[in-house]
Engineer: 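Can you read through this structure? Questions will come right after.
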Amino acid sequence: KDTKKPVVKVRTLGKPTLRRLLKCGQPFKLVIQDDSPPVELDITLVTKLRRAAGKGSRQVTIGRLSTRAGKKHKRVRMKVRKRYKKRLRRRDVAQTKLIVVATDDEGNRRKVVKRVRFN
């Protein structure tokens, strides 16, 4: 029985710019090592967005993707949901986190967080 968690490494492909993120999405490369493939991947792109006047900020999921990886490498393109594009356009820099939750066939899970800054 496999009790090891999947090993996940995340790489950003290309220079992360806010313009590209909003227009066509940001590509990432995931390197996955596990003894019992395939691996289920739940990927979310999270950032802080200001709330209505004086209410502070809140963490918001601006992109989400569920996929499977059978091989060692997986390329994914994270896109921003339509309703958040308008709010993100108002800023110059966006600090985001890419959260990858990998679950193999035996039910072992690993959560990986990568910070990404969009200029």
Side-chain angles (χ1 to χ4, degrees):
K1 190 174 183 308
D2 174 27
T3 56
K4 277 199 212 156
K5 295 177 179 181
V7 178
V8 181
K9 290 180 187 164
V10 183
R11 277 188 60 199
T12 310
L13 296 174
K15 188 173 189 289
T17 62
L18 198 55
R19 185 175 169 201
R20 186 212 271 178
L21 174 70
L22 295 171
K23 215 170 183 181
C24 53
Q26 173 67 35
F28 293 94
K29 183 179 180 181
L30 305 175
V31 180
I32 299 131
Q33 293 169 336
D34 192 59
D35 296 339
S36 50
V39 178
E40 295 276 338
L41 297 168
D42 279 324
I43 309 166
T44 51
L45 194 62
V46 174
T47 189
K48 278 189 172 172
L49 280 180
R50 299 279 305 268
R51 293 173 65 201
K55 295 272 198 292
S57 61
R58 167 178 288 167
Q59 235 181 15
V60 177
T61 301
I62 56 172
R64 176 174 272 142
L65 180 70
S66 288
T67 184
R68 294 173 77 118
K71 301 193 294 277
K72 286 199 171 41
H73 301 286
K74 178 83 177 172
R75 275 187 67 157
V76 293
R77 184 178 290 276
M78 294 304 292
K79 295 185 175 178
V80 178
R81 293 181 183 171
K82 283 196 171 79
R83 60 181 141 168
Y84 297 119
K85 279 186 180 181
K86 200 176 194 179
R87 290 171 69 183
L88 282 170
R89 275 195 190 101
R90 294 187 203 146
R91 35 160 92 170
D92 305 327
V93 177
Q95 290 273 13
T96 65
K97 282 191 281 191
L98 185 80
I99 301 170
V100 181
V101 178
T103 313
D104 66 6
D105 255 7
E106 296 289 324
N108 306 313
R109 303 179 71 154
R110 182 178 300 269
K111 182 176 169 181
V112 178
V113 179
K114 179 170 176 73
R115 291 173 183 276
V116 186
R117 182 184 166 127
F118 291 95
N119 289 7

Engineer: Does atom CZ of R81 have more than 12 heavy-atom neighbours from other groups under 6.0 Å away?
Structural biologist: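 More than 12 heavy atoms, drawn from other residues, nucleotides or ligands, come within 6.0 Å of this atom.
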
Engineer: Answer yes or no: is there a donor N or O on one side and an acceptor on the other, between the side chain of R110 and the main chain of A102, under 3.5 Å?
Structural biologist: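 Here the side-chain-to-backbone pair does not exist.
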
Engineer: Is the CZ atom of R77 crowded by more than 12 outside heavy atoms at less than 6.0 Å?
Structural biologist: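 Counting other residues, nucleotides and ligands, CZ of R77 exceeds 12 neighbours.
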
Engineer: Run the side chain to side chain contact (heavy atoms under 4.5 Å, CB included) check on L49 and L88 step by step: do they pass?
Structural biologist: CA-CA 8 Å; L49 280 180; L88 282 170; 4.2 Å; yes

Engineer: Considering residues, nucleotides and ligands other than K9, do more than 12 of their heavy atoms fall under 6.0 Å from its NZ?
Structural biologist: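 Not buried by this count: 12 neighbours or fewer within 6.0 Å.
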
Engineer: With a 4.5 Å heavy-atom cut-off, do V31 and R11 have their side chains touching?
Structural biologist: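 The answer is no, as the side chains (C-beta and beyond) never meet within the 4.5 Å cut-off.
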
Engineer: Drop me the distance from L65's CG to F28's CZ, to the nearest 0.5 angstrom.
Structural biologist: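 Reported value, rounded in 0.5 Å steps: 11.0 Å.
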
Engineer: For the hydrophobic clusters of this structure (ILVMFWY residues joined by side-chain heavy atoms under 4.5 Å, transitively), does one cluster hold both L98 and V60?
Structural biologist: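 Yes.
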
Engineer: Quick one: does N119's side chain get under 4.5 Å of V93's, heavy atoms only?
Structural biologist: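 Sidechains of V93 and N119: in contact.
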
Engineer: What's the shortest heavy-atom distance between Y84 and T61, and which atoms?
Structural biologist: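 Result for this residue pair: CE1-O, 3.3 Å.
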
Engineer: Using the test side-chain hydrogen bond (donor to acceptor under 3.5 Å, both in side chains), find all partners of T67 that sit at least two apart in sequence or belong to another chain.
Structural biologist: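 Testing T67 for side-chain hydrogen bond (donor to acceptor under 3.5 Å, both in side chains), a comparison that skips the adjacent residues, returns K74.
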
Engineer: Of all the heavy-atom pairs spanning P27 and R20, show the shortest one and how long it is.
Structural biologist: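 That would be CD-NH1, 3.5 Å.
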
Engineer: Can you measure from OG1 (T44) to CZ (R64) and round to the nearest 0.5 angstrom?
Structural biologist: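 Taking OG1 in T44 and CZ in R64, the distance rounds to 6.5 Å.
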
Engineer: Are V101 and I32 connected in the hydrophobic side-chain network, where two residues link if heavy atoms are under 4.5 Å apart?
Structural biologist: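 As far as the 4.5 Å side-chain criterion goes, I32 and V101 are not connected within one cluster.
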
Engineer: Is any side-chain heavy atom of Q95 closer than 4.5 Å to a side-chain heavy atom of K48?
Structural biologist: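 No. Closest side-chain heavy atoms not under 4.5 Å.
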
Engineer: Just verifying a value: how many Å separate R87 CZ and R90 CZ, rounded to the nearest 0.5 Å?
Structural biologist: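 If I round to the nearest 0.5 Å, the distance is 7.5 Å.
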
Engineer: Please name the pair of heavy atoms, one in R68 and one in P38, separated by the smallest distance, quoted to 0.1 Å.
Structural biologist: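 Heavy-atom minimum between the residues: NH2-CG, 2.9 Å.
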
Engineer: When clusters are formed by joining ILVMFWY residues with side-chain heavy atoms under 4.5 Å apart, either directly or through shared neighbours, do I99 and L21 land in the same one?
Structural biologist: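 No, separate clusters.
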
Engineer: Are V46 and M78 grouped together when hydrophobic residues (ILVMFWY) are joined by side-chain heavy atoms under 4.5 angstrom apart?
Structural biologist: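 No, separate clusters.
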
Engineer: Is it true that, when you exclude K114 itself, more than 12 heavy atoms of the residues, nucleotides or ligands shown sit nearer than 6.0 Å to its NZ?
Structural biologist: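 Atom NZ in K114 is packed in, count exceeds 12.
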
Engineer: Hey, could you give me the CD1/OG1 distance between I62 and T47, rounded to the nearest 0.5 Å?
Structural biologist: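 Separation between the atoms: 5.5 Å.
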
Engineer: D34 pairs by side chain to side chain contact (heavy atoms under 4.5 Å, CB included) with which of V8, V7, D104?
Structural biologist: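 Between D34 and the candidates, side chain to side chain contact (heavy atoms under 4.5 Å, CB included) is satisfied uniquely by D104.
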
Engineer: Would you check if the side chain of N108 reaches a backbone N or O of D2 as a donor-acceptor pair within less than 3.5 Å?
Structural biologist: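 Indeed, once roles are kept as given, a pair shorter than 3.5 Å links the two residues.
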
Engineer: Any sub-3.5 Å donor-acceptor pair from S66's side-chain atoms to D42's backbone N or O?
Structural biologist: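 Not a single qualifying donor-acceptor pair exists.
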
Engineer: Would a distance-only check, ignoring hydrogens and angles, find a side-chain to backbone donor-acceptor pair under 3.5 Å from Q26 to L13?
Structural biologist: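 Flag set: sc Q26 to bb L13 pair under 3.5 Å.
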
Engineer: Can you name the salt bridge (Lys or Arg N to Asp or Glu O under 4.0 Å) partners of E106, sequence neighbours left out?
Structural biologist: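 Testing E106 for salt bridge (Lys or Arg N to Asp or Glu O under 4.0 Å), a comparison that skips the adjacent residues, returns none.
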
Engineer: Between V10 and V80, is there a shared hydrophobic cluster once you connect ILVMFWY residues whose side-chain heavy atoms come closer than 4.5 Å?
Structural biologist: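 Yes.
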
